[in-house]
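Right, one structure below, let's go through it.
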Amino acid sequence: MRSAAEPAPAAPPSPGGPPVHPDDNDRSDAPGAAQTSDEAGTDPAAGGSSKLDEIIATRRAKVAELRAAGVEPYPVRFAPTSTLAELRARYPDLDPQTDTGDAATVAGRIVSIRRLGKLTFVVLREDGVDLQLFCPRAALDEASRALIGLLDVGDWLGADGEVVATKTGELSVKPATLTLLSKGLRPLPDKWHGLSDTEARFRQRELDLVVNADARRVFELRSRVLKALRVELDERGYVEVETPMLHPIPGGATARPFVTHHNALDADLYLRIAPELYLKRLIAGGMRRVYEINRSFRNEGMSTRHNPEFTMLESYEAYADYHDVMELTEALVSRAAEAALGTTSATSQGREVSLAAPYRRVTLLELVREATDRPDLDYAMEPAALREICHDHDVHVEDAWGAGKLVLELYEALVEHTLWEPTFVLDYPVEVSPLARRHRSEPEVTERFELIMVGREHANAFTELIDPADQRERFEAQARAKAAGDEEAMVVDEAYLRAMELGLPPTGGLGIGVDRLVMLLADVANIRDVILFPTLRPERAQEPGDPGTGPGTAEGQTGP
RNA sequence: GCGCCGCUAGCUCAAUUGGCAGAGCAUCCGGCUCUUAACCGGCAGGUUCGGGGUUCAAGUCCCUGGCGGCGCACCA
């Protein structure tokens with residue numbers, strides 16, 4: 001994204017004068033530059049692998065040759081009359097050797113070239129759809145005849161000609177004119193094996209998208225899921241809002257935040273771990289139904305299910321309780337499934353799962369009683385007795401944990417991964433739910449549920465705590481835990497308490513992990529497969545002091 | 001963060017017990033007017049992830065660092 005790097009975009013070939021291209025500015029052929037290294041030394045991106053250098057040098061030479069012939073290799077604009085997909089849809093099955101007489105102008109990236117003497121086949125790809133150009137030399141105008149010999153796989157190309165079907169029945173455009181739209185300098189991965197190196201796929205997603213159809217499938221599915229979630233919420237009268245990602249104090253979840261610093265304010269800020277508190281302040285302000293779909297950031301471990309930045313949907317609705325939110329959750333998940341798959345029946349890890357509403361509802365306590373075969377188990381039990389039950393099931397415990405935390409640990413260790421079909425697990429202990437309202441009839445628990453599907457948590461919701469005095473006590477308990485060393489515990493958020501003191505109506509709130517929902521629907525095992533550019537360790541910087549490969553040449557182009 | 005596995009040509013992968021670093025595709029040169037993993041002939045392409053060690057000899061064994069994958073831990 002360095003727009004300043006194009007000081008003279010699409011410079012027209014100057015009449016009479018020699019072709020000049022910006023690349024020359026950082027080449028060392030200026031008089032007096034005692035640069036003796038070969039072509040390789042001028043490419044800041046090439047580490048020293050000479051075959052790649054050779055390919056890039058060859059293609060740069062083609063750029064120069066094209067400019068010398070008056071062809072702009074990076075033109076300003078092109079106007080196709082149809083996409084490749086539209087053309088395929090318009091001519092679903094032409095008979096072999098049909099000349100339709102219809103003209104079409106198409107464009108795409110060249111993914112294959114087959115030269116058979118005076119006949120060339122070029123395969124264009126656009127938005128994942130391929131179309132062949134059937135290019136007998138005799139059909140091309142003079143400029144296109146010169147151009148076609150300089151084309152490479154990876155170039156962007158436009159073609160203007162007749163829609164035909166070849167002898168074998170392959171739908172094709174037979175161009176009279178070829179227009180180079182952008183000359184690619186780097187080779188594409190193997191046309192047959194594609195790009196399978198996972199690191200390369202994540203670091204160079206653009207390459208993954210060019211050659212791997214599955215990458216495109218996943219991200220198109222993701223887009224449909226996002227749209228479906230928005231449409232469902234919009235139809236229900238929710239307003240989409242955007243609240244800060246820079247927070248003066250982290251809140252809304254128990255997690256370790258990223259810290260950053262604002263210079264003019266001379267203040268530390270935290271990347272948000274959840275939008276929750278701001279969204280509830282909007283409810284306090286009288287916005288009846290709001291939602292936000294965007295990133296949150298947690299400075300914790302990374303895994304196949306955890307990226308440091310991830311997308312969450314949070315929604316809040318005045319007057320609602322968690323039973324209302326369950327109904328909303330069912331509608332959102334089943335609608336997302338319909339949008340993604342055309343059905344509420346999904347396959348995950350080779351196993352079916354039905355996402356059709358309604359979903360099973362069962363309390364956390366019931367599940368733990370069942371799993372431990374202890375019908376007497378209860379939040380009122382002595383913690384020592386609960387610890388013993390944990391010990392019997394090899395569940396790790398810590399001294400500071402109360403009954404609620406211990407029961408939750410049992411649930412997470414013994415039950416959660418066994419819940420395959422969508423299940424609302426209800427009524428989490430107060431101790432582990434600092435922002436949820438106490439249950440209307442069970443004092444030890446809150447009105448909170450998590451939605452478990454295929455053994456994993458996908459949503460977390462509750463009847464919100466709206467009593468400011470209760471909230472202050474919960475915050476203070478969290479602050480004590482933090483002082484005692486719990487790095488994830490919350491701090492007292494006075495701005496939020498002030499909003500609550502203004503009066504928060506009864507409110508039902510929901511959070512859905514969007515990446516995980518997409519993982520489920522796309523049936524992929526790694527969260528990095530549903531995030532276009534997942535967080536990776538930075539690539540190692542180039543060796544300092546390595547002549548000719550430092551940042552100097554690249555920076556030199558960036559202009560003022 | 002811990003454990004296990006991986007890293008060889010632009011891409012996908014080989015390389016016997018430690019014994020001359022190879023193939024296919026792509027590139028480059030030549031041929032070919034119905035191909036679609038086009039075909040035929042030829043040339044070239046290597047810091048075997050980096051550094052160190054053992055050895056007559058290291059892609060291979062040892063140490064160390066880098067990056068990635070998987071599992072565990074934590075969370076969504």
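Chain identifiers are assigned alphabetically (A, B, ...) following the order of the sequence lines, protein sequences preceding nucleic acid strands; residue numbering begins at 1 within each chain.
- In the set B:A44, B:U35, B:G68, the nucleotide with an atom closest to the side chain of A:R537 is B:G68.
- The separation of B:G68 from B:C28, taken at their P atoms, amounts to 34 Å, rounded to a whole angstrom.
- Residue-level contact check: A:G511 touches neither bases nor backbone, having no heavy atom under 4.0 Å from any strand.
- Across B:U8 and B:U48, the matching C1' atoms stand 4 Å from one another, rounded to whole Å.
- Computed from coordinates, the A:H193 NE2 to B:A14 P distance equals 11 Å when rounded to whole Å.
- Using a 4.0 Å heavy-atom distance criterion, A:G513 is classed as making no nucleic acid contact.
- In this structure, A:L536 reaches the sugar-phosphate backbone alone: every heavy-atom distance under 4.0 Å involves primed, P, OP1 or OP2 atoms, never a base.
- Residue A:R203 is in sugar-phosphate contact alone, with no base atom involved, counting any heavy-atom pair closer than 4.0 Å across all strands shown.
- At the heavy-atom level, A:N307 lies under 4.0 Å from base atoms of the strands shown.
- Using P as the reference atom, B:U36 and B:C25 are 14 Å apart when rounded to the nearest Å.
- Contact annotation: A:T168 side-chain N/O to B:A38 OP1/OP2 distance is not under 4.0 Å.
- When distances are taken from the side chain of A:K118 to each of B:C34, B:C25, B:U33, the shortest belongs to B:U33.
- Ring planes of A:F134 and A:F121: tilted class, angle from 30 to 60°.
- When heavy atoms are screened at a 4.0 angstrom cut-off, A:D197 is found touching the sugar-phosphate backbone but no base atom.
- Pairing partner, B:G45: none, since no Watson-Crick or wobble contact has both distances short of 3.5 Å.
- Among the atoms of the strands shown, none is found under 4.0 Å from any heavy atom of A:K174.
- In the set B:U33, B:C13, B:C34, the nucleotide with an atom closest to the side chain of A:T166 is B:C34.
- One atom, CZ of A:R137, and another, C1' of B:G31, lie 15 Å apart when rounded to the nearest Å.
- Note on A:Q132: a base of the nucleic acid sits closer than 4.0 angstrom, heavy atoms only.
- For the pair A:N526 (side chain) and A:D529 (backbone), a donor-acceptor distance under 3.5 Å is absent.
- At least one donor-acceptor pair closer than 3.5 Å links the side chain of A:T446 to the backbone N or O of A:Y428.
- Using a 4.0 Å heavy-atom distance criterion, A:D515 is classed as making no nucleic acid contact.
- Distance A:R114 CZ to B:C32 P: 19 Å, rounded to the nearest Å.
- Of the candidates B:U35, B:A37, B:G69, B:G69 carries the atom nearest the A:F202 side chain, counting heavy atoms from C-beta on.
- Following rounding to the nearest Å, A:D208 (CG) and B:C11 (C1') show an atom-to-atom distance of 14 Å.
- Among the atoms of the strands shown, only primed sugar atoms or phosphate atoms (P, OP1, OP2) are found under 4.0 Å from some heavy atom of A:T198.
- The CD1-C1' distance, from A:I110 to B:A26, rounds to 14 Å in whole Å.
- Side-chain proximity of A:L119 to the nucleotides B:G68, B:A73, B:C34 is greatest for B:C34.
- Remark: the backbone N or O of A:E447 is not paired with any side-chain donor or acceptor of A:D427 at under 3.5 angstrom.
- Here A:F134 lies in heavy-atom contact (under 4.0 Å) with a base.
- With rounding to whole Å, A:I55 atom CD1 is found 13 Å from B:G45 atom P.
- Comparing B:G66 with B:U54, their C1' atoms are spaced 23 Å from each other, to the whole Å.
- Phosphate contact (OP1/OP2 of B:U12, side-chain N/O of A:S196, threshold under 4.0 Å): present.
- What separates CG of A:D53 from C1' of B:A9 is a distance of 12 Å, to the nearest Å.
- For A:Y238 and A:E232, the side-chain atoms include no donor-acceptor pair closer than 3.5 Å.
- As a whole-Å value, the separation of A:E170 CD from B:U33 P is 21 Å.
- Phosphate proximity of B:C70 to A:T304: absent, as no side-chain N or O sits under 4.0 Å from OP1 or OP2.
- The partner of B:G22, taking Watson-Crick or G-U wobble pairs whose two distances both stay under 3.5 Å, is B:C13.
- Using a 4.0 Å heavy-atom cutoff across all strands shown, A:S303 reaches at least one base atom of the nucleic acid.
- Comparing atom distances between the A:K51 side chain and each of B:C32, B:U27, B:U12 picks out B:U27 as nearest.
- Side chain of A:L116, nearest nucleotide from B:C67, B:U35, B:C25: B:U35.
- Under the 3.5 Å distance criterion, the side-chain polar atoms of A:R360 are left unmatched by any main-chain donor or acceptor of A:E421.
- A:L195 comes within 4.0 angstrom of the backbone, heavy atoms only, and of no base.
- The main-chain N or O of A:T83 is never found under 3.5 Å from a side-chain atom of A:E126 such that the two would form a donor-acceptor pair.
- Remark: side-chain polar atoms of A:N212 are paired, donor with acceptor, to backbone N or O of A:L195 under 3.5 angstrom.
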